[in-house]
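Written out below as structure tokens is the structure these notes cover.
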Amino acid sequence: MAVKLAPGEKVCVIGAGSSGIAACQVLNARGIPFDCFEKGSQVGGNWRYENDNEMSSAYRSLHINTSRNQMSYATFPMPDDYPDYPDHFQIARYFDAYVDHFGLRERISFRTEVERVEPGAEGGWEVTVAGADGERRTELYAAVLVANGHHWDPRWPEPPYPGSDQFEGEQIHVHHYREPDALRDKRVLVLGIGNSATDIAVEASRIASKTFLAMRRGAYVMPKYLGGKPTDEAASAVLTHFPLPVQRFVINRMLGLAAGDMTAYGLPEPDHKLLEAHPTVSAELLSRLGHGDIEVKPNIERFAGDRAVRFADGSEEEIDLVVYCTGYKITFPFFDPDLIAAEDNRLPLYRRVVSVEHPGLYFIGLIQPLGAIMPLAEAQAEWVGDLLQGRAALPPAAEMRKQIAAEERKMRKRYVASKRHTIQVDFHPYLRQIRKERKQGAKQAA
């Protein structure tokens, strides 16, 4: 059942990143009392370069890979003078402007870490926080909106590659990569074929002495523009109303005209169909491959002593620096693992938001869309606002569990087996689903 706020009750928002501030905006606009706690001293979360909450994965050259029009909050579009694909400095300024426009900054407790969240003895949620001075306090909230992000706890290869503990070169996770000088004049191996991996490989190809890109499986590399438009605008929302095979056919044709066969660039042929894995978006990777500035390798087999790395095809290379682009773990350090834990990055939630077993616990932005998180987090927060104000109701718990199970089956059928795809959603269909949920919930509450 949904938790409707009684007079005097408050809501806790954990995190002031892109999803947390969206939740704050919705709660503030509706007059719902709330406290928001942010470990760092500024808003922006992952998009705040060198964020002093020590959780940002942004590197110096990072730009968004969805267009600004799709990434913008519905209530506060990005400035018209922003480029199609802004960098992280511009995105951070946009978030600053957002919180100042809506008067949210004074509502956020900065440099305050949420240490523990646990069920209250008589209902609600007890939240313990520690301020900048280290002083701890505990307060009871009727509901908690968790928006702590899912790109901050690096997942290293599991298990580690044989011999990695004896490797005499350097090994880092991309989470800790910041400046291109770390790549200069080195023989660099980037492991992965996601967006971060391609960014780092392209950057290395300009200043490293040699760049290798290794991967377990191939991928479809989407350009940032199709027909002169950002790719996510060229492949319009209308297309998502059609069955998946039709979407795949249309996008395949567009990709074929723009880039051709991935194997023509030396990449392995993908072992899955288009849209069965999160696509890689890069404006430069295919060009750098075509120019011979990046050499493609299969997966690492083992570290073979000194600085030697042996690959699955039996080849070996001397490597100075390995950059693991192997994803992130979904982690909630403030929950007792026996209460809430995302084992293998899986957390069963109704519509990716509602904890069925724990009334009053909601998750904002815990999704990996084919598109941007921000408008979806905004829509999620609006739905939660409906629930908190009694404007909408939830289905019975048994029905929610049934829907969660059905969604899990659909995910397993749709996507390749990977910890990366446990929270995957399609942008426009998911947005429509949340809007439909709000309408159905309003009828149930009437």
Side-chain angles (χ1 to χ4, degrees), residues 66 150-151 155 158 192-195 215-222 231-232 235-256 261-262 267-281 299 326-330 341-357 363 365-373 376 379-380 383 394-437 440:
T66 55
H150 54 89
H151 285 122
R155 187 177 71 242
E158 301 169 340
I193 189 58
N195 295 319
M215 63 204 72
R216 290 180 302 165
R217 60 166 55 96
Y220 296 92
V221 181
M222 306 289 292
T231 297
D232 55 19
S236 69
V238 175
L239 181 61
T240 64
H241 286 278
F242 290 90
L244 188 61
V246 176
Q247 297 180 47
R248 182 177 292 124
F249 174 79
V250 173
I251 297 174
N252 254 323
R253 291 294 298 270
M254 297 169 69
L255 180 59
D261 193 321
M262 295 294 104
L267 291 169
E269 184 173 357
D271 61 358
H272 56 276
K273 296 178 182 179
L274 185 66
L275 303 181
E276 286 184 348
H278 195 86
T280 298
V281 180
N299 196 17
T326 45
Y328 293 85
K329 293 180 285 187
I330 297 174
E343 186 176 354
D344 292 330
N345 279 5
R346 296 184 182 278
L347 184 65
L349 299 171
Y350 180 63
R351 302 307 187 211
R352 310 284 178 182
V353 175
V354 178
S355 174
V356 180
E357 312 303 330
F363 293 78
L366 188 58
I367 47 178
Q368 183 68 42
L370 300 177
I373 289 179
L376 301 184
Q380 290 175 331
W383 177 36
L394 290 169
E399 176 62 24
M400 289 193 285
R401 293 190 189 100
K402 179 180 177 182
Q403 291 296 327
I404 291 170
E407 183 64 27
E408 292 257 339
R409 289 192 297 270
K410 182 179 177 182
M411 292 281 289
R412 287 194 295 270
K413 183 178 179 181
R414 163 80 181 271
Y415 293 104
V416 297
S418 168
K419 294 175 184 177
R420 185 185 186 193
H421 297 108
T422 57
I423 55 173
Q424 196 80 20
V425 298
D426 291 338
F427 182 91
H428 294 290
Y430 181 74
L431 188 58
R432 292 194 292 267
Q433 183 182 66
I434 293 298
R435 289 170 176 167
K436 181 179 179 180
E437 197 69 38
Q440 291 178 336

[X] side chain near [Y] side chain, heavy-atom distance below 4.5 Å:
X: M400; Y: E357; result: no
X: R346; Y: E408; result: yes
X: M222; Y: L255; result: yes
X: R432; Y: T240; result: yes
X: V354; Y: W383; result: yes
X: N299; Y: M215; result: no
X: L349; Y: S355; result: yes
X: T231; Y: V281; result: no

Inset, instruction - Test R352 against every option in L366, V425, L347 by the side-chain contact (heavy atoms from CB on, under 4.5 Å) rule and name the one that passes. - result: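 Only one of L366, V425, L347 forms a side-chain contact (heavy atoms from CB on, under 4.5 Å) with R352, namely V425.
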Could you grab the distance from atom [atom1] of [X] to atom [atom2] of [Y], nearest 0.5 Å is fine?
X: R155; Y: D344; atom1: CZ; atom2: CG; value: 9.5 Å
X: L267; Y: I193; atom1: CG; atom2: CD1; value: 5.5 Å
X: I251; Y: R253; atom1: CD1; atom2: CZ; value: 13.5 Å
X: R351; Y: Q433; atom1: CZ; atom2: CD; value: 4.0 Å
X: Q247; Y: L275; atom1: CD; atom2: CG; value: 6.5 Å
X: I367; Y: L376; atom1: CD1; atom2: CG; value: 4.5 Å

Inset, instruction - Verify whether the ring centers belonging to Y220 and H272 lie closer than 6.0 Å. - result: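 Distance test on ring centres: under 6.0 Å, yes.
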Work out which heavy atom in [X] is nearest to a heavy atom in [Y]; give both atom names and the distance.
X: A397; Y: V356; value: CB-CG1, 3.9 Å
X: P395; Y: Y350; value: CG-OH, 3.4 Å
X: L370; Y: R414; value: CD1-NH2, 3.9 Å
X: K329; Y: N345; value: CA-OD1, 3.5 Å
X: A372; Y: T66; value: CB-OG1, 3.6 Å
X: M262; Y: A219; value: CG-O, 3.5 Å

Inset, instruction - Identify, with sequence neighbours excluded, every residue that meets salt bridge (Lys or Arg N to Asp or Glu O under 4.0 Å) alongside E276. - result: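 Scan of E276 (salt bridge (Lys or Arg N to Asp or Glu O under 4.0 Å), adjacent residues dropped) gives none.
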Legend entry - Set of residues satisfying salt bridge (Lys or Arg N to Asp or Glu O under 4.0 Å) with respect to E158, sequence neighbours excluded: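 Checked E158 against salt bridge (Lys or Arg N to Asp or Glu O under 4.0 Å); matches are K419.
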Inset, instruction - Could you tell me whether the side chains of E407 and Q403 share a donor-acceptor contact shorter than 3.5 Å? - result: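 Side chains of E407 and Q403: no pair found under 3.5 Å.
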Legend entry - Intermediate values then yes/no, side-chain contact (heavy atoms from CB on, under 4.5 Å), H150 and I373: CA-CA 11 Å; H150 54 89; I373 289 179; 3.8 Å; yes
Inset, instruction - Would you sort out whether H421 and H278 count as a side-chain contact (heavy atoms from CB on, under 4.5 Å), showing the intermediate values? - result: CA-CA 7 Å; H421 297 108; H278 195 86; 3.8 Å; yes
